[in-house]
Engineer: 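A single structure is presented below for examination.
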2 protein chains.
Amino acid sequence: MRSLDKRAELLRAIGHPARIKILEELMKGVKCVSDIEGFLGISQPNVSQHLSLLRRYGAIDYYMDGRLKCYFLRDPIIPDIIKILKKDYIKELPAPACCPVTKKGKYPGTRKH
Amino acid sequence: MRSLDKRAELLRAIGHPARIKILEELMKGVKCVSDIEGFLGISQPNVSQHLSLLRRYGAIDYYMDGRLKCYFLRDPIIPDIIKILKKDYIKELPAPACCPVTKKGKYPGTRKH
DNA sequence: TCTATATATTAAAGTATTGGAATATATTGT
DNA sequence: ACAATATATTCCAATACTTTAATATATAGA
């Protein structure tokens, strides 16, 4: 299992609108840099920076096809996370039942709200 | 479905070792602030700051029990993400088959690696 | 009401992330 | 070898995040 630090790192690597969009598009299939530049609408150097970061964290990789770099998903956790982010959750988790026991013990006072 | 920006925001809210640990512990049950201070081993004000951030993004909430604040998970996406982060993935995603078609078209040159 | 306990807030300082601009590198076709 | 295309890198200013330290607030019990 990933260390706590690696888990945090991974979430931060994914946690940028441009990078989430890149990963979502890569889920549909391989894309070269100019494809990505096309749907992101940001500068080419900035696209490269985001791709480079994602690759640094092992989320994606690429191979050369002529002079194109074809990027694809590499870390299998990515599709799982992307799917969950798109999921619709109808309601909040149920609040815990009255007066659960914390380490300090169930406080004898009355619940305020 | 959450907007792209909200999805990024959420991942960044979770993406810190202390906050991941907090959420993991809250999955086991309600915890008050001093419980959390106990297992994180960081200062009480810093714990409060992390809790406040998680609450600002709707990930958690609390109720009062006497003078204790009992924190619990609120956003149902949290357990799903925490579970995935702990999952063991044995191998990388398979590299795409040779010469897939990108928007620019399948380049006629030879693959370099 | 006074005190102790539990938690929150604020400010300041340090650190990391981001995007723009300019430039560099690599590969193909000529 | 040269020009054109595709992508990467570097540097920098701006912004955002994190932590520490000090202080503030709220509640319960005496």
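Every chain is numbered from 1, with letters handed out A, B, ... down the list of sequences. Because the structure is predicted, anything quoted here is derived from the model rather than measured.
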Engineer: So which protein N/O to nucleotides 10-13 of chain C N/O distances come out below 3.5 Å?
Structural biologist:
{"from": "dT10(C)", "atom 1": "O4", "to": "Gln49(B)", "atom 2": "NE2", "distance (Å)": "2.8"}

Engineer: For DNA chain D, which residues of residues 15-23 of chain B approach it to below 4.0 angstrom with any heavy atom?
Structural biologist: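 Residues of residues 15-23 of chain B under 4.0 Å from DNA chain D: His16(B), Arg19(B).
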Engineer: Given side chain to side chain contact (heavy atoms under 4.5 Å, CB included), test Asp61(B) with Leu73(B) step by step and report yes or no.
Structural biologist: CA-CA 6 Å; Asp61(B) 202 357; Leu73(B) 295 182; over 6 Å; no
Engineer: Hey, is the main chain of Ser43(B) close enough, under 3.5 Å, to the side chain of Asn46(B) for a donor-acceptor pair?
Structural biologist: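 No, because the side chain of Asn46(B) does not come within donor-acceptor range (under 3.5 Å) of the backbone of Ser43(B).
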Engineer: If you pin Tyr71(B) and Gln44(A) to their nearest nucleotides in DNA chain C, which one's is more 5'?
Structural biologist: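 Closest to the 5' end, via its nearest nucleotide, is Tyr71(B).
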Engineer: Please report the distance, rounded to the nearest Å, between CG in Leu11(B) and P in dC17(D).
Structural biologist: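 Those two atoms, CG and P, are 13 Å apart.
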Engineer: Between Ile42(A) and Arg12(A), which residue's closest nucleotide on DNA chain C lies nearer the 5′ terminus?
Structural biologist: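 Nearest-nucleotide comparison on DNA chain C picks Arg12(A).
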Engineer: Find out if a path of hydrophobic residues (ILVMFWY) with successive side-chain heavy-atom gaps under 4.5 Å connects Leu54(B) to Ile82(B).
Structural biologist: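 Per the 4.5 Å side-chain linkage, Leu54(B) and Ile82(B) are co-clustered.
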Engineer: Rounding to an integer number of Å, can you tell me how far Arg55(B) CZ sits from dT9(C) P?
Structural biologist: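 Nearest whole value for this atom pair: 9 Å.
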Engineer: Using modelled atom types only, decide if a donor and an acceptor are shared between the side chain of Asp80(A) and the backbone of Ile77(A) within a distance under 3.5 Å.
Structural biologist: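 It does not hold such a pair.
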Engineer: With distance as the sole test, does Arg7(A) use its side chain to make a donor-acceptor pair with the main-chain N or O of Pro17(B) at under 3.5 Å?
Structural biologist: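 Not at all, since once roles are kept as given, no pair shorter than 3.5 Å links the two residues.
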Engineer: Which listed nucleotide (dG29(C), dT7(C), dT27(D)) is nearest to the side chain of Val33(B)?
Structural biologist: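 Per side-chain heavy atoms of Val33(B), the pick is dT7(C).
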Engineer: I'd like to know if Glu25(B) pairs up with Lys28(B) as an ion pair, taking the criterion as any Lys NZ or Arg NE/NH1/NH2 lying under 4.0 Å from an Asp or Glu carboxylate oxygen.
Structural biologist: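 Judged by the 4.0 Å cut-off on N to carboxylate O distance, Glu25(B) and Lys28(B) do form a salt bridge.
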Engineer: Between dT7(C), dT7(D), dT27(D), spot the one nearest the side chain of Ser48(A), thanks.
Structural biologist: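 Taking heavy atoms from C-beta onward, the closest nucleotide is dT7(D).
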Engineer: Does any N or O in the side chain of Asp88(A) come within less than 3.5 Å of the main-chain N or O of Met1(B), such that one atom is a donor and the other an acceptor?
Structural biologist: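 Side chain of Asp88(A) to backbone of Met1(B), a donor-acceptor pair under 3.5 Å: yes, one is there.
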